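In this text, all values refer to a predicted model and were calculated from it rather than measured experimentally. Reckoned from all heavy atoms, side chains included, excluding hydrogens, waters and symmetry mates. Chain letters run A, B, ... following the sequence lines, proteins first and then strands; every chain starts at 1.
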There are 2 protein chains.
Amino acid sequence: MRTVERESAQGPDGRVVPRAARQRTRPGLKEVAERAGVGVSSVSRVLTGHPEVSEVMRNRVMDAVAAIRYEPDLLAQSMRTGATMTIGFVVSDISNPLISEIALGAELRLREAGYSMMVTNSLNKPEVEADYIALLTRRRVDGLMLSITDETSEMMDAAVRRFDSAVVLVDRHVAGADYAAVNCDHAHGITEAFDHLVSLGHTRIGMVNGSPNVRPSRERAAALRRATRGSGTLSTVIRSAGFTPAHGYDATMKMMAGKDAPTAIIAGSNQILIGVLRALRGLGLSIPGDVSLVTCDAVPLADFLDPPLSTIARVPREMGRMAAELLLEQLAGEEPRTVMLPTQFVATLSCGPAADTHER
Amino acid sequence: MRTVERESAQGPDGRVVPRAARQRTRPGLKEVAERAGVGVSSVSRVLTGHPEVSEVMRNRVMDAVAAIRYEPDLLAQSMRTGATMTIGFVVSDISNPLISEIALGAELRLREAGYSMMVTNSLNKPEVEADYIALLTRRRVDGLMLSITDETSEMMDAAVRRFDSAVVLVDRHVAGADYAAVNCDHAHGITEAFDHLVSLGHTRIGMVNGSPNVRPSRERAAALRRATRGSGTLSTVIRSAGFTPAHGYDATMKMMAGKDAPTAIIAGSNQILIGVLRALRGLGLSIPGDVSLVTCDAVPLADFLDPPLSTIARVPREMGRMAAELLLEQLAGEEPRTVMLPTQFVATLSCGPAADTHER
DNA sequence: TTGTACGCGTTATCAG
DNA sequence: CTGATAACGCGTACAA
């Protein structure tokens, strides 16, 4: 049964400091060797599947292993082999459904390859991310998956440079580095949404965009600007800031207040969407009667919203799986590479004909 | 990048000692000691904050540490101290918003205490959970947070019994064990919802319940049965199965097909809810006109659904935080204990007066 | 107060 | 084919 160890102590800073050595030392190779009457190295050979072991030896060892209920110590194994079989995943907030889905995809693939995943949440603080990267480095994780808050953070950059193994960025780009990356084709989704809105008669389209310090926001804004470039009739208003409901709300209020308010809005994330919806509701604007709405990334129960939401979806599970894949490739000695995954625009009733703004 | 290679050295008996299997050249205590011109143990003492070290020694060491950019190897540290400062979190699916929120709460608290968190997804397969528990045991994690799929699984039970350190269950109960647990007061939420529905004239209430092999489902069903007990007019129909949209759909279809269809439904999870909504839509039933609806756990954008959904909410972030807390307590030597967290029923337009079933 | 030496559990080398 | 033994990097009795 569980033995409660009372010798532990509280450090001055409140951190729990467990007692030094574990009381009940579980059987090791040594015990197995004794039980089987062989040398420890033979036990190790059998367990690691070394080719040059006799049948008798194998049986003796396996019997002893079963009898003692021996389980290898992965810590010692890592110590010895240099591989921890652990991947660190640095994210802003695992409770973000997009991220948790990515995490799931990654973990499933990693498990297939025998790796475990360690998750850290920065809550959008670059310095925390840098700390975590350093921590994971000290933990000697074999690889790092990064979904960073701020691609331009120097602390983060320095920290990841000090990490000397496989790295993969998840829909991120850091200048002057050749990390592997899983990117999404935001331009495609934005362009499709744009075309759809234009076909409905919209001429001025607003975008409540996320932080410009991450790839998705930049790609989306660029794609939207590109779409209107050279057109005399089509225009755009883009407001970029944090991925928060507050930004969604404020940006929407400001956008809709002006004389040249857009007749359609693209929300840059599910968090931003919340604020956008609140603002529109507060202004008494109906969707799509007064303003059409598109949001980035899938929304749970989107079909049951009023009206159902048009979305530009990524494939988060696949993003995670692919990120893991790119990591495993590097760990297998291959060169880091970049993969582009699709986005898909799905139009619903939240996009309608452009309202005549003068009638309002 | 590791560029420096350490050459082979001469052993005490003149033999050539080969390089380590993996060529790591990150500086260790030894390098720091050499740079500072002191013994390795002195370096260790300084770094671990040993009280009996002179000022000069401390400075010499810290200077060398800074110069060499030494970072301690947490793996070796764990090897030596017996503590990995790592907690394993076994869940069915991190992409479930309830769970990812719990994970966030836990990770934030664990970080405060210097611990990292390792997440594993079983996708509701008890044998995978057992495997993971065994894996985390071999990894020698200091504690285990369990949000398991099936409390009655013997493989799981055996696996967790073989783990000999701190354990905390997250809204789970396994018979015959005294694990610490963070539980939620489901009875409270269900009772409130029930009373509200009854006050609206509902006499027959359906529950599309989750798996009976986990605490929340059992508590909810029990609370609902208790609420109708002794009443001649009030009745209940409960269907329990997996936490899936498919179950939500099937159960709803069957419930509503019978002659004594309920006029109100409680959905047992956000996944189940999806199926329930689809079924009601498929049947052409309106909410709350034909049937009132309550769902368990918060739904993103619940305010913007049509109609806004009544929910029985848990406090997932707090659940995670508290689970971490209970784990830390045990690691500090305290006895395992159980905490009860609240649930809250919030009524919205999705609950309305009972429809006269004969009019349909 | 500081340094030397040992051991945590494992794998890999090398000599039988 | 097998067994003894040196590391992996660190913390810590023990000796100086």
Side-chain angles (χ1 to χ4, degrees), chain A residues 17-34 36-61 65 68 70-85 138-140, chain B residues 6 8-34 36-61 65 68 70-85 138-140:
Chain A
V17 183
R19 54 157 291 127
R22 190 160 283 197
Q23 207 71 301
R24 184 170 123 55
T25 170
R26 298 209 319 251
L29 284 186
K30 187 143 161 274
E31 282 71 23
V32 178
E34 281 168 5
V38 301
V40 283
S41 49
S42 293
V43 178
S44 176
R45 267 189 294 259
V46 169
L47 264 37
T48 56
H50 193 92
E52 293 161 359
V53 282
S54 68
E55 238 2 79
V56 272
M57 173 65 84
R58 162 160 289 110
N59 292 335
R60 286 179 70 84
V61 169
V65 163
I68 308 284
Y70 164 81
E71 301 225 0
D73 184 326
L74 267 42
L75 207 56
Q77 222 162 308
S78 294
M79 186 78 193
R80 177 58 219 200
T81 64
T84 54
M85 301 304 284
R138 289 195 297 272
R139 280 191 180 279
R140 290 177 45 182
Chain B
R6 199 166 52 191
S8 303
Q10 295 279 59
D13 53 356
R15 293 208 313 253
V16 174
V17 179
R19 270 190 290 107
R22 185 113 167 178
Q23 54 185 63
R24 318 191 53 257
T25 314
R26 272 190 13 201
L29 282 187
K30 185 138 161 280
E31 282 71 22
V32 178
E34 281 167 5
V38 301
V40 283
S41 55
S42 294
V43 178
S44 176
R45 268 189 289 261
V46 169
L47 264 37
T48 55
H50 192 92
E52 293 161 358
V53 283
S54 66
E55 250 344 272
V56 272
M57 173 62 84
R58 161 160 288 110
N59 291 336
R60 285 179 70 84
V61 169
V65 164
I68 309 283
Y70 166 80
E71 300 225 1
D73 184 325
L74 267 41
L75 207 55
Q77 221 162 308
S78 294
M79 188 74 189
R80 175 61 217 196
T81 63
T84 54
M85 303 304 284
R138 289 195 297 273
R139 280 191 179 279
R140 292 179 41 184

Item to complete: Give the C-alpha distance, both sets of side-chain angles, the deciding distance and a yes or no for side chain to side chain contact (heavy atoms under 4.5 Å, CB included) between A:R60 and A:V38.
Response: CA-CA 9 Å; A:R60 286 179 70 84; A:V38 301; 3.9 Å; yes
Discussion item. Assess the residue pair A:R139 and A:T84 against the criterion (side chain to side chain contact (heavy atoms under 4.5 Å, CB included)); give the C-alpha distance rounded to whole Å, side-chain angles, the decisive distance to 0.1 Å, and a yes or no.
Written reply: CA-CA 8 Å; A:R139 280 191 180 279; A:T84 54; over 6 Å; no
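Proximity of B:Q77 to the phosphate of D:dG11: a side-chain N or O atom is located under 4.0 Å from OP1 or OP2. Between A:T48 and C:dT10 there is no side-chain N or O to OP1 or OP2 distance below 4.0 Å. Distances shown here put every side-chain N or O of A:S41 at or beyond 4.0 Å from the OP1 or OP2 atom of C:dT13. Under 4.0 angstrom from either OP1 or OP2 of C:dT11 there lies at least one side-chain N or O belonging to A:S44. At C:dT11, none of the side-chain N or O atoms of A:T81 fall inside 4.0 Å of OP1 or OP2 (strictly under the cut-off).
Nucleic acid contact class of A:V40 (heavy atoms, under 4.0 Å, all strands): base.
One can place CD of A:E31 at 8 Å from P of C:dG9, the figure rounded to the nearest angstrom. Distance CD (A:E55) to C1' (D:dC1): 13 Å, rounded to an integer number of Å. For A:H50 and C:dC14, the NE2 to C1' distance is 13 Å, given to the nearest whole Å. Look at CE on A:M79: it is 15 Å from C1' on C:dA12, rounded to the nearest Å. Rounded to whole Å, atom C1' of D:dA7 lies 15 Å from atom CG of B:L75. Going from atom CG of B:L29 over to atom P of D:dG11 covers 6 Å, rounded to whole Å. Residue B:E34 contributes atom CD, which lies 13 Å from atom P of D:dG9 at whole-angstrom precision. Taking atom NZ on B:K30 and atom P on D:dG11, their separation rounds to 16 Å, with Å as the unit.
Residue side chain B:R45 reaches the base of C:dG3 through a donor-acceptor N/O pair under 3.5 Å, judged by distance alone.
B:S44 places no side-chain N or O within 3.5 Å of a backbone atom of B:V40 that could act as its donor or acceptor partner.
Within the 4.5 Å cutoff, the side chain of B:L47 has heavy atoms near those of the B:L29 side chain.
When distances run from any side-chain atom of A:M57 to the nucleotides D:dT2, C:dT4, C:dT10, the shortest one goes to D:dT2. Each of C:dT10, C:dT2, D:dG3 was ranked by its minimum atom distance to the side chain of A:R80; first place goes to C:dT10. Checking C:dT1, D:dC10, C:dG3 against every side-chain atom of B:E52, the shortest atom distance belongs to C:dT1.
For the residue pair A:S78 and B:L75, the shortest heavy atom distance occurs at CB-CD2, 3.6 Å.
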